[in-house]
Number of protein chains: 2
Amino acid sequence: MARKTPTKPRKNASQARSRATVDALVEATARILVREGFEKASTNRIAEVAGVSVGSLYQYFPSKEALVAAVIERHNEEIMGLVRSALAEVADLPIDKAVRKLVTVAIEAHRINPKLHRVLAEQIPRTGQLKDVEAFNREVHALVRTYLESRRKEMRKVDPGLATFICVSTIEAVAHNTVLNQAEMLTEKTVRTLVEETTRMVVGYLR
Amino acid sequence: MARKTPTKPRKNASQARSRATVDALVEATARILVREGFEKASTNRIAEVAGVSVGSLYQYFPSKEALVAAVIERHNEEIMGLVRSALAEVADLPIDKAVRKLVTVAIEAHRINPKLHRVLAEQIPRTGQLKDVEAFNREVHALVRTYLESRRKEMRKVDPGLATFICVSTIEAVAHNTVLNQAEMLTEKTVRTLVEETTRMVVGYLR
DNA sequence: AGGAAAAGCGAGTGAATGCTCGCATTATAG
DNA sequence: CTATAATGCGAGCATTCACTCGCTTTTCCT
C-alpha cells in the first residue's frame with residue numbers, strides 16, 4: 001500500500017530507472033542549451049534528446065522552467081564547490097597568495113563549461129531563478145568579506161563591504177571576459193600572465 | 001514617378017508620417033521591454049502600444065528581431081556618444097584624472113536606462129546583434145588603448161593590450177554591478193566613494 | 001504467479017504569436 | 001480634381017509549443 005493518492009501528480013523519483021530518467025532530462029536540457037540555443041529547447045525536443053517521452057518529462061518536472069532551473073542549480077553547485085573549497089584553503093594565507101588563488105579559481109570556474117555559463121547567465125532572469133543566483137552571490141561576498149576582515153592588519157583602512165564589492169566584481173569580470181571573449185584560444189602562459197596582473201591590481205588596491 | 005517597384009517591400013520611410021511611425025514602433029518596443037519584459041513584446045502588442053497596426057509594423061521592420069535590434073542600436077549609440085566624448089575630453093589629462101573621468105562616465109552610461117540595459121544585455125545573443133556589440137566593445141578597447149599608449153611615460157612597463165583589457169573589464173564591471181545590484185538606492189556620496197576607490201585601484205595598477 | 005504501483009508513452013489540444021494579404025485611407029503630383 | 005503612390009489597417013493563416021490524458025509496460029512484493 002502506498003502513501004497518498006496512487007497517481008502521484010509529479011516530482012520524486014524512487015526507483016533507479018526514474019532517477020536515470022531525471023538525470024537524462026537535465027543532461028539533455030543542458031546539451032540543447034549549449035548546442036542549439038534556448039529557443040530550440042522545447043519540451044518535446046528535450047524529451048527526444050533524453051530518449052524519453054514528453055509525458056515522462058512532465059512526471060518529474062512541472063514545467064519547462066523547472067528543467068532549466070535544475071540545470072542552473074547543478075551548474076551553480078559545481079561552481080560554488082570550487083569557490084568554497086578555495087576560500088577554505090586560503091583562509092590562513094596572506095593576501096597576495098589568497099588573491100592569486102581566488103583569481104585562478106574564478107577562471108577555472110568559468111572554464112568548466114563556458115557556453116553553458118553564458119546561456120544560463122542569459123536565461124536566469126526568465127526562470128525566476130534570480131533569487132537563487134543572488135543568494136549564491138551573497139554567499140561569495142560574505143565568504144570573501146570574512147576573509148578580508150581576518151586580514152585587516154595587512155591592509156590599509158578600507159570599508160570592508162566596499163572593498164569586497166570591488167574585488168569580487170573585478171575578479172569575476174576578468175574571469176568572465178577572459179573565458180567568453182578570448183574563446184578557447186587560451187594558452188597556459190596567457191592565463192598565468194593574466195592571473196599575475198589581476199592579482200597585482202587587487203593586492204595593490206588592498207594594501 | 002517613383003523609383004523601383006510601386007510596392008516597396010519594406011524599410012525606408014520617406015514621408016514625415018512614416019518616420020513618426022518608425023519612431024513610435026522603436027519607442028514602444030523599448031517601453032515594453034522595460035515595463036513588461038521580453039516575452040510580452042509580441043509584434044501585436046508592440047503595434048498596439050505604438051498606436052499602429054501590425055501590418056504597418058511589417059512595412060518597416062522585416063521581423064520582430066529587427067525591431068529589437070533597432071532598440072539595441074539606439075541604446076548603444078547613446079552610450080558610445082558618452083564614451084567617445086569622454087575619451088576626447090580626457091586625451092590630454094594625466095592618468096589619474098583620466099581614469100576618474102572614465103569611471104564616472106561608465107556609471108553614468110549605465111544609469112541612462114538601467115532596466116533597458118539589463119533586458120538588452122540578455123537579449124543580444126538572440127538577436128544576432130552580437131557582432132555589432134562586439135564591434136562596439138572593440139571600439140572602446142581601441143580608444144582606451146590609444147590613450148594608454150600616449151601616456152606610457154607615466155606608467156610602468158605593461159603590455160598595453162593586457163592593461164586595456166583589465167582596466168576596461170574592471171571599470172565596466174564595477175559600473176554594471178553598482179547600477180544593477182544596488183538598485184536605485186545610490187546616493188551621490190556612495191557613487192563618489194566608489195569612483196574614488198575604483199580610480200585608486202586602476203591608477204595604482206597602471207603605475 | 002499475480003496484482004498493484006511506478007514509470008513510461010505519444011497523439012492530441014488549446015493557446016500564443018509571427019507574419020501575410022487584400023483592402024482602406026491619406027498624401028502628392030500633374 | 002484625379003490618378004497614382006505611399007502609408008496604414010487588422011482579420012486570419014500557419015506554425016510552434018507547453019502541457020494533458022488515457023493507455024501500456026516494467027518493477028516490486030508476496
Side-chain angles (χ1 to χ4, degrees), chain A residues 1-26 28-29 32-33 36-71 123 126-128, chain B residues 1-26 28-29 32-33 36-71 123 126-128:
Chain A
M1 164 266 234
R3 274 87 48 82
K4 306 273 163 122
T5 40
T7 41
K8 261 197 287 181
R10 229 145 265 177
K11 284 246 184 188
N12 251 308
S14 59
Q15 298 183 7
R17 185 168 54 137
S18 60
R19 250 171 281 126
T21 301
V22 169
D23 276 6
L25 284 167
V26 176
T29 306
I32 295 173
L33 287 177
E36 310 177 26
F38 185 83
E39 27 283 326
K40 293 292 177 66
S42 69
T43 49
N44 289 314
R45 179 100 184 94
I46 291 171
E48 179 190 329
V49 170
V52 149
S53 79
V54 223
S56 298
L57 184 158
Y58 279 94
Q59 239 157 52
Y60 301 107
F61 297 93
S63 69
K64 180 186 166 178
E65 218 179 77
L67 259 167
V68 179
V71 175
Q123 299 310 330
R126 188 169 326 214
T127 60
Chain B
M1 168 268 238
R3 274 86 48 82
K4 309 270 165 125
T5 41
T7 40
K8 262 196 287 181
R10 231 147 259 176
K11 282 249 180 189
N12 252 308
S14 59
Q15 298 183 6
R17 185 168 53 135
S18 59
R19 250 171 282 126
T21 301
V22 170
D23 276 6
L25 284 167
V26 176
T29 306
I32 294 173
L33 286 177
E36 311 177 27
F38 184 82
E39 27 282 326
K40 292 294 178 64
S42 69
T43 49
N44 288 315
R45 178 99 184 95
I46 291 171
E48 179 190 328
V49 170
V52 148
S53 79
V54 223
S56 299
L57 185 158
Y58 278 94
Q59 243 159 47
Y60 300 106
F61 297 92
S63 69
K64 179 186 166 179
E65 218 179 77
L67 258 167
V68 179
V71 175
Q123 297 311 327
R126 187 172 325 220
T127 60

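Throughout, a chain's letter reflects where its sequence line sits, starting with A, and its residues are numbered from 1.
Atom pair A:Leu25:CG and C:dG8:P shows a separation of 9 Å (rounding to whole Å applied). The CD1 atom of A:Ile46 sits 17 Å away from the P atom of D:dT16 (whole-angstrom rounding). A straight line from CZ of A:Arg19 to C1' of C:dA6 spans 13 Å, rounded to a whole angstrom. Taking atom OH on B:Tyr60 and atom C1' on D:dC9, their separation rounds to 12 Å, with Å as the unit. Distance CZ (B:Phe38) to C1' (C:dG18): 12 Å, rounded to an integer number of Å. Rounded to whole angstrom, the span from the CD atom of B:Glu48 across to the C1' atom of D:dA11 amounts to 15 Å. Note: CZ (B:Arg45) to P (C:dC19) measures 18 Å, nearest angstrom. Remark: P of C:dA7 and CG of A:Leu57 are 15 Å apart, rounded to the nearest angstrom.
Shortest non-hydrogen contact noted between B:Ala41 and B:Leu33 is CB-CD2, 4.1 Å. In terms of heavy atoms, A:Thr43 sits closest to A:Leu57 at O-CD1, 3.5 Å. Between B:Val26 and B:Ala70, the closest heavy-atom pair is CG2-CB, 4.1 Å. Contact detail for A:Tyr58 and A:Lys64: the closest heavy-atom pair is OH-N, 4.4 Å.
Distance from the side chain of B:Ser56 is smallest to D:dG8 among C:dG10, D:dG8, D:dG10. For A:Asn44, counting side-chain heavy atoms from C-beta on, the closest listed nucleotide (C:dA11, C:dC19, D:dA18) is D:dA18. The nucleotide whose nearest atom lies closest to any side-chain atom of B:Gln59 is, among D:dT7, C:dA7, D:dC19, D:dT7. The side chain of A:Val54 lies closest to C:dA11, out of D:dG8, C:dA11, C:dG8.
When the side-chain nitrogen and oxygen atoms of B:Tyr58 are compared with OP1 and OP2 of C:dT20, none of them lie within a distance under 4.0 Å. OP1 and OP2 of D:dG10 both lie 4.0 Å or more from every side-chain N or O belonging to B:Ser53. The side chain of B:Thr21 places an N or O atom within less than 4.0 Å of a non-bridging phosphate oxygen (OP1 or OP2) of D:dG8. In terms of phosphate contacts, B:Ser18 brings no side-chain nitrogen or oxygen within less than 4.0 Å of OP1 or OP2 of D:dA6.
Pairs engaging residues 43-60 of chain B under the salt bridge (Lys or Arg N to Asp or Glu O under 4.0 Å) rule: B:Glu36-B:Arg45, B:Arg45-B:Glu48 [sequence neighbours left out].
Distance check, rounded to the nearest 0.5 Å: CZ of B:Arg17 to OG1 of B:Thr21 gives 7.0 Å. Rounding to the nearest 0.5 Å places CD1 of A:Ile46 at 9.5 Å from CZ of A:Phe61.
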Expected string for nucleotides 24-30 of chain D under the B/S/- scheme (protein heavy atoms, under 4.0 Å, primed atoms plus P, OP1, OP2 as sugar-phosphate) is --SSS--
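Residue A:Glu39 is the one, among A:Gly55 and A:Glu39, whose nearest nucleotide of DNA chain D lies closer to the 5' end (criterion: closest heavy atom).
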Working for side-chain contact (heavy atoms from CB on, under 4.5 Å), residues A:Tyr60 and A:Leu67:
CA-CA 9 Å; A:Tyr60 301 107; A:Leu67 259 167; over 6 Å; no
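A:Thr43 comes within 4.0 angstrom of a nucleotide base, judged by non-hydrogen atoms across all strands.
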